[in-house]
Novice: 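First, the structure itself, so that you have it in front of you.
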Amino acid sequence: MSYNHQTVEPKWQQFWRDQKSFQVANQVEGKENFYLLVEFPYPSGNLHVGHWYAFCVPDIVARFKRMQGYNVLYPMGFDAFGLPAENAAIKRGLDPEKWTYENMDYMRQQIGAMGASFDTSREVVTCDPKYYRWTQWLFLELFKAGLVTQRDTHVNWCPDCKTVLANEQVVDGHCERCDNEVTKKNMKQWNVAITQYADRLIDDLDSLGWPDQIKTSQKNWIGRSEGSEVDFQIGNETVSVFTTRPDTLFGVTYFVLSPEHPLVDQISTDEHRESVVAYRQSVAAKSDLERTELNKDKTGVFTGAYAINPVNGESIPVWIADYVLITYGTGAVMAVPAHDERDHEFAHKYDLEIRAVIQNLENPFAKEGGEICNSDFLDGLDVKAGVEAAIDWLESNDKGRRKRNYKLRDWTVSRQRFWGVPIPIIHCPSCGPVPDPNLPVELPKIDDYLPREDGRSPLAKATDWLHTACPQCGEMGERETDTLDTFVCSSWYFLRYCDPQNDQAFADREKLDAWMPVDLYSGGSEHTTMHVLYSRFWHKALHDLDLVPGVEPYTHRMNRGLIMGPDGNKMSKSKGNVIDPDAVVKELGSDTVRMYLAFIGPYNEVGSYPWSTQGIVGVRRFIDRVWRLREKVAATGDDVAVPLHKAIKKITEDTASLKLNTCVAELMTLGKIFEKTTAIAQSDFEIFLQLLAPYAPHLAEEIWAEFGHKDSITQSAWPVYDESCMVADTVTYAIQVNGKVRGQLEVAADADKDTVLAAAREVENVAKWLSDGEIRKEIFVPGKIAGFVVS
RNA sequence: GCUCGGGUGGUGGAAUUGGUAGACACGAGGGACUUAAAAUCCCUUGCCCUAAACCGGCGUGCGGGUUCGAUUCCCGCCCCGAGCACCA
């Protein structure tokens with residue numbers, strides 16, 4: 001009878017539920033804890049192939065580690081607040097809460113049908129007041145520590161979502177969620193001081209064994225550069241500039257302020273005021289995208305003012321130009337057209353002086369006109385050494401300050417949207433912003449939750465909720481109406497998994513000590529400069545407040561690849577190339593899908609793999625073959641010790657390093673060997689089933705039970721290989737002449753060098769090649785190569 | 001432009017302290033079983049040479065180098081993907 005996954009799989013899923021097979025205690029005597037984390041999903045309403053790839057393939061590792069004797073935490077939950085759920089609800093005219101909870105119910109079923117070994121008793125739902133009470137509490141801890149402030153901020157505004165976005169949520173000038181073009185606004189917003197942690201976020205990466213790709217992405221995003229700050233006088237005002245090239249100070253020929261710089265009005269002369277005002281208006285009207293467009297012609301106007309270069313007292317013109325950004329450095333730059341491409345382009349256009357700096361040891365700051373030059377130092381002095389020398393010179397003349405700058409901006413966390421965590425702050429006319437001690441501050445029920453054009457959150461419509469007394473002085477105040485960015489919710493959810501029911505604290509410290517840091521965190525590469533960066537920061541901030549152990553939340557982070565449609569393109573409804581996992585599971589089974597996804601490519605590398613409707617059939621054929629193999633099982637069978645122990649070794653090592661595709665290949669190879677036997681010893685086949693169990697758990701359980709086992713195979717101990725069982729009686733040597741293989745030789749495994757080489761000479765084809773000349777050298781690689789060099 | 005990955009059959013991919021390139025799977029071709037088909041099983045499958053096999057030659061993006069031997073190490077290019085990008 002052929003294998004019927006439609007009855008077998010639900011049976012074992014029910015068994016695991018009934019037995020609470022995957023509920024994990026925080027401590028188990030004699031077992032080491034292992035925390036495996038996957039990113040929890042948005043409750044979008046349906047699981048797609050990407051979810052399967054994200055949840056089921058790491059599940060192989062969870063099951064493997066469990067059998068190896070680890071106490072494994074593999075939890076699941078829902079990232080339930082935020083724009084995706086809200087926008088979907090708006091589109092369908094539904095209540096976001098109802099929509100979200102219905103979706104979660106459906107997705108729980110789908111996740112159950114995967115057969116993944118999640119500990120569902122630890123489920124975390126971020127829109128549940130029992131959860132977001134602690135999101136609010138943690139937010140207030142950061143507020144009290146001075147890491148959260150409300151202030152005027154140059155923000156990214158999505159006109160479609162009608163809310164502020166963090167820098168990380170703007171992709172190439174477009175909203176990360178809806179892809180509309182983002183505009184700039186100046187608004188009073190809540191900011192979290194992630195920039196205070198910029199250095200630690202970079203430097204602590206060194207201690208983590210993460211892939212370089214992830215580390216460098218984060219470093220690029222944080223964008224640290226080292227240089228110095230130099231003061232220029234403009235009239236009575238002192239304006240600092242940040243420069244990475246203080247060694248070019250003698251080549252400064254003009255000075256540029258960002259159009260938004262607060263001093264522009266003050267320093268502009270009457271003669272130039274009109275053009276300055278006009279220019280500032282034209283810049284303000286531009287979107288971020290227009291302003292930063294590549295190869296854009298540089299523009300700017302002269303203010304009429306002059307600045308004094310501190311190193312030589314020279315008077316240089318002050319311009320404003322939008323290639324200088326108000327959000328970086330001091331919003332002002334010293335322009336060195338001979339040594340900076342942008343300054344050069346600008347100087348060329350507006351006919352400003354270009355002056356190169358030639359540095360040598362006798363006369364360090366000689367000057368000379370010229371075109372742009374990149375190598376500025378003679379006699380082997382490199383730029384870095386020159387910069388160091390320049391900073392020394394500036395400091396000895398009381399002009400220099402060493403300074404670091406970052407591209408990273410503070411994290412703007414307030415959102416003008418309904419479906420999020422209310423910011424637990426009360427604005428009091430006398431006391432200012434005051435934390436609300438009565439947590440949770442629940443999201444008010446309102447009928448019209450649509451976002452508004454004016455930038456005010458819809459929560460402002462809940463007037464009863466809005467007006468409340470100041471917890472400090474009792475005066476009537478107003479609640480903050482903005483909600484928190486959903487990335488705040490996800491910055492600590494992995495902590496809550498350690499202690500999900502706790503109503504006294506966000507998590508008990510002992511339980512955090514037991515589980516944290518996460519041993520392996522698998523997720524999508526799109527979160528490298530969003531969620532992963534935010535949560536690292538959040539964790540460090542909590543650590544500084546002595547709320548969590550350790551400075552890093554994740555020991556190892558890996559980015560998974562992408563499953564593409566059968567045509568090689570990203571799956572999308574419009575392309576008609578979407579694979580519905582539910583349909584495939586119905587046809588071929590959950591074991592087949594998960595094993596196929598493991599087989600499709602290495603999980604420890606970021607790649608994109610096209611789904612092959614034919615390829616998955618190959619995996620199903622293997623499952624059917626295993627099912628048929630069990631009929632050959634007897635008390636004793638053929639000797640398969642060598643391939644069996646090789647397979648144990650290979651699968652143990654490669655599962656641990658997430659090369660799951662080669663493990664599936666090895667299982668298939670071993671399956672073929674069993675097919676060639678006349679009978680299979682039950683003890684051998686049980687080892688095979690154990691190796692198979694993480695990959696095809698339902699099938700493995702079914703046959704395991706057929707053999708009379710009462711306990712789940714997931715509770716059995718992972719097989720251990722024995723090196724002595726892996727030694728074959730004979731080995732095959734490749735025989736090379738001048739590096740080319742000319743023959744093969746099978747000899748006893750323990751044959752020594754002389755024996756092998758002597759026999760190798762006699763191999764017919766080899767002898768022919770040796771007769772051409774004299775043997776100059778002999779090569780011997782035990783067990784592999786015997787070789788001769790002739791000439 | 002800077003940074004980090006990567007380029008292997010018709011396809012997805014194996015194999016690197018340098019040691020028989022192409023495991024495993026898909027696809028393709030041939031055969032067995034069958035009245036027939038499906039399913040299953042067996043054989044072949046990098047390219048060239050050959051009727052076929054042996055033998056031989058070529059072959060891991062391109063060009064050099066080191067070595068008895070290079071997908072692997074070194075130098076110089078090309079291409080693809082990802083991140084950053086008017087960041088001073």
Side-chain angles (χ1 to χ4, degrees), chain A residues 2 171-172 211-225 227 241-245 248 256 258 291-296 298 321-325 327-336 339-343 345-346 405-409 525-526 528-529 559 564 568 596 599-602 605-619 621-622 624-625 628 650 659 661-669 671-672 675 732-744 764-765 768 775-791:
Chain A
S2 67
V171 180
D172 292 330
D212 283 340
Q213 204 170 6
I214 302 178
K215 288 187 184 186
T216 45
S217 276
Q218 291 209 345
K219 284 181 189 169
N220 281 344
W221 182 261
I222 296 166
R224 176 162 72 189
S225 51
V241 295
F242 171 72
T243 177
T244 54
R245 295 291 306 275
T248 63
V256 195
S258 159
R291 220 180 128 161
T292 57
E293 216 173 343
L294 279 174
N295 304 321
K296 186 178 77 78
K298 294 208 170 14
D322 71 352
Y323 80 90
V324 176
L325 309 173
T327 49
Y328 185 77
T330 62
V333 303
M334 56 180 229
V336 191
H339 300 276
D340 183 281
E341 251 183 86
R342 295 150 302 175
D343 297 343
E345 190 191 327
F346 192 80
N405 249 309
Y406 310 88
K407 293 184 204 169
L408 184 72
R409 304 267 65 82
S525 57
E526 71 275 19
T528 299
T529 56
N559 288 346
M564 315 303 271
Y596 173 63
F599 190 49
I600 202 167
E605 288 172 25
V606 183
S608 57
Y609 309 107
W611 178 280
S612 164
T613 46
Q614 285 159 332
I616 192 171
V617 170
V619 173
R621 282 180 197 148
F622 169 69
D624 286 331
R625 276 203 292 274
R628 272 180 257 125
K650 174 87 177 157
K659 290 192 274 183
N661 52 335
T662 55
C663 293
V664 176
E666 189 67 24
L667 287 166
M668 289 172 165
T669 305
K672 278 190 192 174
E675 273 167 0
T732 305
Y733 277 83
I735 307 160
Q736 298 183 343
V737 180
N738 289 343
K740 286 192 189 291
V741 179
R742 298 299 181 188
Q744 292 196 347
E764 193 188 331
N765 194 44
K768 194 177 85 188
I775 294 175
R776 303 274 177 208
K777 193 177 172 183
E778 290 174 339
I779 313 288
F780 183 72
V781 181
K784 283 181 179 168
I785 302 286
F788 305 95
V789 182
V790 295
S791 61

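Proteins get letters first, then strands, A, B, ... in listed order; numbering begins at 1 in each.
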Novice: OP1 or OP2 of B:rA25 versus the side-chain N and O atoms of A:Lys672: is any pair under 4.0 Å?
Specialist: yes

Novice: Pick base, sugar-phosphate or nothing for A:Lys784, based on heavy-atom distances below 4.0 Å to the nucleic acid.
Specialist: sugar-phosphate

Novice: Between A:Asp624 and A:Val741, which has a closest nucleotide on RNA chain B that is more 5'?
Specialist: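 Comparing both residues, the 5'-ward one is A:Val741.
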
Novice: Think A:Lys219 has a side-chain N or O under 4.0 angstrom from the OP1 or OP2 of B:rC84?
Specialist: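 Indeed not, no polar side-chain atom of A:Lys219 lies that close.
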
Novice: Expressed as a whole number of Å, how far does the P atom of B:rG6 sit from that of B:rA15?
Specialist: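 Per the computed distance, 13 Å lies between those P atoms.
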
Novice: Between B:rG59 and B:rG10, how far is it from one P atom to the other, in whole Å?
Specialist: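 So the two P atoms sit 16 Å from each other.
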
Novice: In whole angstrom, give the distance that lies between atom NZ of A:Lys215 and atom P of B:rG5.
Specialist: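 Those two atoms, NZ and P, are 12 Å apart.
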
Novice: What's A:Val737 touching, base or sugar-phosphate or nothing? Going by heavy atoms closer than 4.0 Å.
Specialist: nothing

Novice: Which atom pair, heavy atoms only, marks the closest approach of A:Val336 to A:Asp343?
Specialist: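 Answer, listing the atom of A:Val336 first, then A:Asp343: N-OD2, 2.9 Å.
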
Novice: Please give, in whole Å, the distance from B:rG83 C1' to A:Lys407 NZ?
Specialist: 10 Å

Novice: With A:Lys298 as the cation and A:Tyr323 as the aromatic partner, state whether NZ or CZ is under 6.0 Å from the six-membered ring centre and within 45° of the axis.
Specialist: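 Geometry flag: set, cation within 6.0 Å and 45°.
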
Novice: When we call it a touch if two heavy atoms are under 4.0 Å apart, what does A:Gln744 touch: a base, just sugar-phosphate, or nothing?
Specialist: base

Novice: Separation of A:Lys768 atom NZ from B:rC54 atom P, in whole Å?
Specialist: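 Spelled out: NZ on A:Lys768 to P on B:rC54 is 13 Å.
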
Novice: At under 4.0 Å between heavy atoms, how does the protein contact nucleotides 11-18 of chain B? Give one character per nucleotide, 5' to 3', with B, S or -.
Specialist: -BSS----

Novice: Choose from B:rA88, B:rC24, B:rU20 the nucleotide whose nearest atom is closest to any side-chain atom of A:Met668.
Specialist: B:rC24

Novice: A:Arg621 side chain N/O closer than 4.0 Å to the phosphate oxygens (OP1, OP2) of B:rC41?
Specialist: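 It does not, given that no N or O in the side chain of A:Arg621 lies less than 4.0 Å from OP1 or OP2 of B:rC41.
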
Novice: Hey, does the side chain of A:Asn765 come within less than 4.0 Å of B:rG56's phosphate (OP1/OP2), counting only N and O?
Specialist: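 So the side-chain polar atoms of A:Asn765 do come within 4.0 Å of the phosphate oxygens OP1 or OP2 of B:rG56, strictly under.
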
Novice: Restricting to non-hydrogen atoms, name the atom on A:Val741 and the atom on A:Ala734 that form the minimum distance, rounded to 0.1 Å.
Specialist: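 Between these two residues, the closest heavy atoms are CG1-CB, 4.4 Å.
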
Novice: Checking only heavy atoms, does the side chain of A:Lys298 share a donor-acceptor pair with the base of B:rC86 at less than 3.5 Å?
Specialist: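 Side chain to base: pair present.
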
Novice: Could you check A:Phe599 against A:Phe622 for ring-ring contact (aromatic ring centres under 6.0 Å, His included), going step by step and ending with a plain yes or no?
Specialist: CA-CA 12 Å; A:Phe599 190 49; A:Phe622 169 69; 9.1 Å; no

Novice: A side-chain contact here means heavy atoms from C-beta on lying under 4.5 Å apart; do A:Ile214 and A:Asn559 qualify?
Specialist: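 In contact.
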
Novice: Given the C1' atoms of B:rG9 and B:rC48, what is the spacing between them in whole Å?
Specialist: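 Rounded to whole Å, the distance is 15 Å.
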
Novice: Any idea which of B:rG57, B:rA82, B:rC84 is nearest the A:Arg742 side chain?
Specialist: B:rG57

Novice: Distance check needed: B:rC86 C1' versus A:His339 NE2, whole Å only.
Specialist: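 After rounding, the gap between these two atoms is 19 Å.
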
Novice: Rounded off to whole Å, could you give me the CG-to-P distance for the A:Asn405 and B:rA88 pair?
Specialist: 8 Å

Novice: Flag the pair A:Phe242 / A:Ser225 as yes when at least one side-chain heavy-atom distance between them is below 4.5 Å, and no otherwise.
Specialist: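 Yes, at least one pair of side-chain atoms sits under 4.5 Å.
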
Novice: Using a distance-only criterion (donor-acceptor N/O pair, under 3.5 Å, no hydrogens), is the base of B:rG19 paired with the side chain of A:Gln736?
Specialist: yes

Novice: How does RNA chain B read in dot-bracket, base by base from 5' to 3', with Watson-Crick or G-U pairs under 3.5 Å and | used when the partner is on another strand?
Specialist: (((((((..(((......[....)))((((((.......))))))(((.......)))..(((((..]....))))))))))))....

Novice: For B:rU40, does either OP1 or OP2 sit under 4.0 Å from a side-chain N or O belonging to A:Arg625?
Specialist: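 So the side chain of A:Arg625 is outside the cut-off, no N or O lying under 4.0 Å from OP1 or OP2 of B:rU40.
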
Novice: Tell me if a side-chain donor or acceptor on A:Tyr733 pairs with a main-chain N or O of A:Val781 at a distance below 3.5 Å.
Specialist: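 Side chain of A:Tyr733 to backbone of A:Val781: no pair is present.
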
Novice: From C-beta outward on A:Thr669, which listed nucleotide comes closest to its side chain: B:rC86, B:rC84, B:rC24?
Specialist: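 The listed nucleotide nearest to A:Thr669's side chain is B:rC24.
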
Novice: Given side chains that start at C-beta, do those of A:Val789 and A:Ile775 come closer than 4.5 Å, heavy atoms only?
Specialist: no

Novice: Looking only at atom P, what distance separates B:rG65 and B:rU60, rounded to whole Å?
Specialist: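 Nearest-Å result for B:rG65 against B:rU60 at atom P: 16 Å.
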
Novice: Using whole Å, what does the distance between atom C1' of nucleotide B:rA21 and atom NZ of A:Lys740 come to?
Specialist: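 Distance check: A:Lys740 NZ to B:rA21 C1' gives 13 Å.
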
Novice: Report the distance from atom CG of A:Asp340 to atom P of B:rG1, rounded to the nearest whole Å.
Specialist: 17 Å

Novice: For A:Arg409 and A:Thr327, which heavy atoms make the closest approach, and how far apart are they?
Specialist: CZ-O, 2.9 Å

Novice: Can you check whether A:Val606 reaches A:Gln213 side chain to side chain, under 4.5 Å on heavy atoms?
Specialist: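 Yes, close enough: below the 4.5 Å cut-off.
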
Novice: Considering only atom C1', compute the distance from B:rC4 to B:rA88 and round it to an integer number of Å.
Specialist: 24 Å

Novice: A:Trp221 side chain: which of B:rC4, B:rU20, B:rC84 is closest?
Specialist: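 The answer is B:rC84, which lies nearest to the side chain.
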
Novice: Can you check the distance between B:rG12 and B:rA28, where both ends of the measurement are the C1' atom (answer in whole Å)?
Specialist: 16 Å

Novice: If we take the P atom in both B:rU35 and B:rA25, what is their distance in whole Å?
Specialist: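 Rounded to whole Å, the distance is 31 Å.
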
Novice: Say you pick atom C1' in B:rC41 and the same atom in B:rU17; how far apart are they, in whole Å?
Specialist: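 After rounding to an integer number of Å, I get 43 Å for this pair.
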
Novice: What's the CZ-P distance between A:Phe622 and B:rC26, to the nearest Å?
Specialist: 12 Å

Novice: Using heavy-atom distances to pick each residue's nearest nucleotide on RNA chain B, tell me which of A:Val617 and A:Thr529 is more 5'.
Specialist: A:Val617

Novice: For the residue pair A:Val241 and A:Met334, what are the closest heavy atoms and their distance?
Specialist: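 What the structure gives for the nearest pair is CG1-N, 3.7 Å.
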
Novice: Of the options B:rC68, B:rC84, B:rC4, whose atoms approach the side-chain atoms of A:Asp212 most closely?
Specialist: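 Taking heavy atoms from C-beta onward, the closest nucleotide is B:rC4.
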
Novice: Under 4.5 Å between any side-chain heavy atoms of A:Ile222 and A:Lys407, yes or no?
Specialist: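 Of all side-chain heavy-atom pairs linking A:Lys407 with A:Ile222, none is under 4.5 Å.
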
Novice: Hey, is B:rG9 sitting syn or anti, using the within-90° cutoff around 0?
Specialist: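 For B:rG9, whose glycosidic angle is within 90° of 0, the conformation is syn.
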
Novice: Are any of A:Ser225's side-chain N or O atoms less than 4.0 Å away from OP1 or OP2 of B:rA88?
Specialist: yes

Novice: Hey, does A:Phe788 have a side-chain heavy atom less than 4.5 Å from the side chain of A:Ile735?
Specialist: yes

